[in-house]
Amino acid sequence: MHASRENVARAFGGGKVILLGEHGVVYGRPGLAAGIRRGVTATAEVCEHALLQCEPWGVEVECSAERHGGARGEATLAHAFAAVLRDYPELPKVRVRVEIDLPGGAGLGCSAAIGVAVVGALDRFHGVVRSAQEIAEASMAWERVFHGNPSGIDNAVSAMGGVVVFRRDAGVRPVPLARRLWLVVGNSEEPSSTKDMVANVAARHAEDEVWSNRRFDAMAELCGRGERACVGGDLEALGQAMLENQELLRDFDLVTPRLDAMCLAALGARALGAKVTGAGGGGCMVALARDAAAAEGIRDAIAETSGSAFVAAVECSQREAET
Ligand code: MEV
């Protein structure tokens, strides 16, 4: 569907936390994820060449189908930009400026949020009207350049916000929350590559499919419990499912000592659950708090242990406040 083109078009792609089921989603199991308000804003406007500018990274690249040339990260960005531009009829003369308010390589879905924001801004620029789900699907061309075998959960929740259940074969389904979720996100500041972590899990899976499938099935069961807990407003049950999921991630060596210490600090400050979020092996953890005051105490306890932390409130109706 087409609407009128905009000379300056803007769109947002949200960051995310995975509450339950990361890695299992790559193998067709469901994952439960929540969108957060921090994310990426993309602005598209007329320009002589197809250009992508990333702030605050200070990076500017021209659209290029080649992966080679320039610094590795820049070549990958140029290639990902070319991959999404292929969706539009002729190479558009457009500059897309992205403002990134998420740490990269930290499990908060930074690359998916950039992809969703860029596609959203290009759609508006060209007068293309698509649903959030269609934007998520289109932005997978971007995501595949960064993460060899992405399940699509990051892009789906980035485009839709709120809490969702995602399955590779069934797509995304919004989960109606009975009450607001107070989450605390802690960043270990240990770098982690989703591509590498997914490859490590794939190697374990190839070694012993029965062993890994048993754990992916257990993650799927926890995801079902977590969804029911969200719908029923049972925070204890959701926290318990997160704790059990953490042990399954530990089996795959995805919980570093620092992330473990941050989760223990959160639990010491009365979090109802705490676990690694995203690919693991570094990056972020997420804790569930009973309410806003508890969330602040948990944030301070995590920050005292290591890294940095922030509170993210997930509203019953889509993305909302954050402190
Ligand atoms: C990354 O946020 C989540 C993983 O399950 C990878 C994916 O689903 O693409 C680790």
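Quick note: residue numbers are just sequence positions, from 1. Just so you know, ligand 1 is whichever comes first in the structure, and atom 1 is the first atom listed for that ligand.
The closest side-chain donor-acceptor pair between Arg215 and Asn245, if any, does not fall under 3.5 angstrom. Side-chain N/O atoms of Gln240 and Glu236 include no donor and acceptor closer than 3.5 Å.
For the pair Arg38 and Phe310, the cation sits on the ring face: its NZ or CZ lies under 6.0 Å from the ring centre, inside 45° of the axis.
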Give the C-alpha distance, both sets of side-chain angles, the deciding distance and a yes or no for side-chain hydrogen bond (donor to acceptor under 3.5 Å, both in side chains) between Asn213 and Tyr27.
-> CA-CA 9 Å; Asn213 279 332; Tyr27 297 85; over 6 Å; no

Worked verdict on Arg168 versus Ser151 for side-chain hydrogen bond (donor to acceptor under 3.5 Å, both in side chains) = CA-CA 6 Å; Arg168 251 186 147 150; Ser151 65; 5.7 Å; no

Checking side-chain contact (heavy atoms from CB on, under 4.5 Å) for the pair Glu22/Met219: CA distance, chi angles, key distance, verdict?
-> CA-CA 8 Å; Glu22 49 272 272; Met219 290 177 190; over 6 Å; no

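From the protein, the heavy atom lying nearest to atom 5 (O) of ligand 1 is His23 N, 2.9 Å. At the top of the distance list for atom 9 (O) of ligand 1, counting protein heavy atoms only, stands Ser151 N, 2.8 Å. The protein atom (non-hydrogen) at minimum distance from atom 3 (C) of ligand 1 is Ile18 CD1, 3.6 Å.
Contacts between Met197 and ligand 1 below 4.0 angstrom, taking non-hydrogen atoms only, are absent altogether.
Here is the list of ligand 1 atoms found below 4.0 Å of a heavy atom in Lys16: 2 (O). Numbered from 1 in the order shown, with element, the atoms of ligand 1 that lie under 4.0 Å from a heavy atom of Val26 read 5 (O), 6 (C), 7 (C), 8 (O). Those atoms of ligand 1 with a heavy atom of Ile153 less than 4.0 angstrom away are 8 (O). In the vicinity of Ala279, heavy-atom distances shorter than 4.0 Å reach the ligand 1 atoms 10 (C). Contact atoms of ligand 1 toward Asp154: 1 (C), 2 (O) (distance under 4.0 Å to a heavy atom of the residue). Close approach of ligand 1 to Val25 is summarised as follows: ligand atoms under 4.0 Å from at least one heavy atom of the residue are 5 (O), 8 (O). Numbered from 1 in the order shown, with element, the atoms of ligand 1 that lie under 4.0 Å from a heavy atom of Glu22 read 5 (O).
Under the 4.0 angstrom criterion for non-hydrogen atoms, Glu143 is not in contact with ligand 1. Heavy-atom distances between Gly109 and ligand 1 stay at or above 4.0 Å for every pair.
The only option from Val84, Thr194, Asn155, Ile114 that meets the side-chain contact (heavy atoms from CB on, under 4.5 Å) definition with Glu143 turns out to be Asn155. A side-chain contact (heavy atoms from CB on, under 4.5 Å) with Met285 holds for exactly one of Thr256, Ile302, Thr277; it is Ile302.
Between His205 and Phe216, the angle of the ring planes lies from 30° to 60°, which puts this pair in the tilted group.
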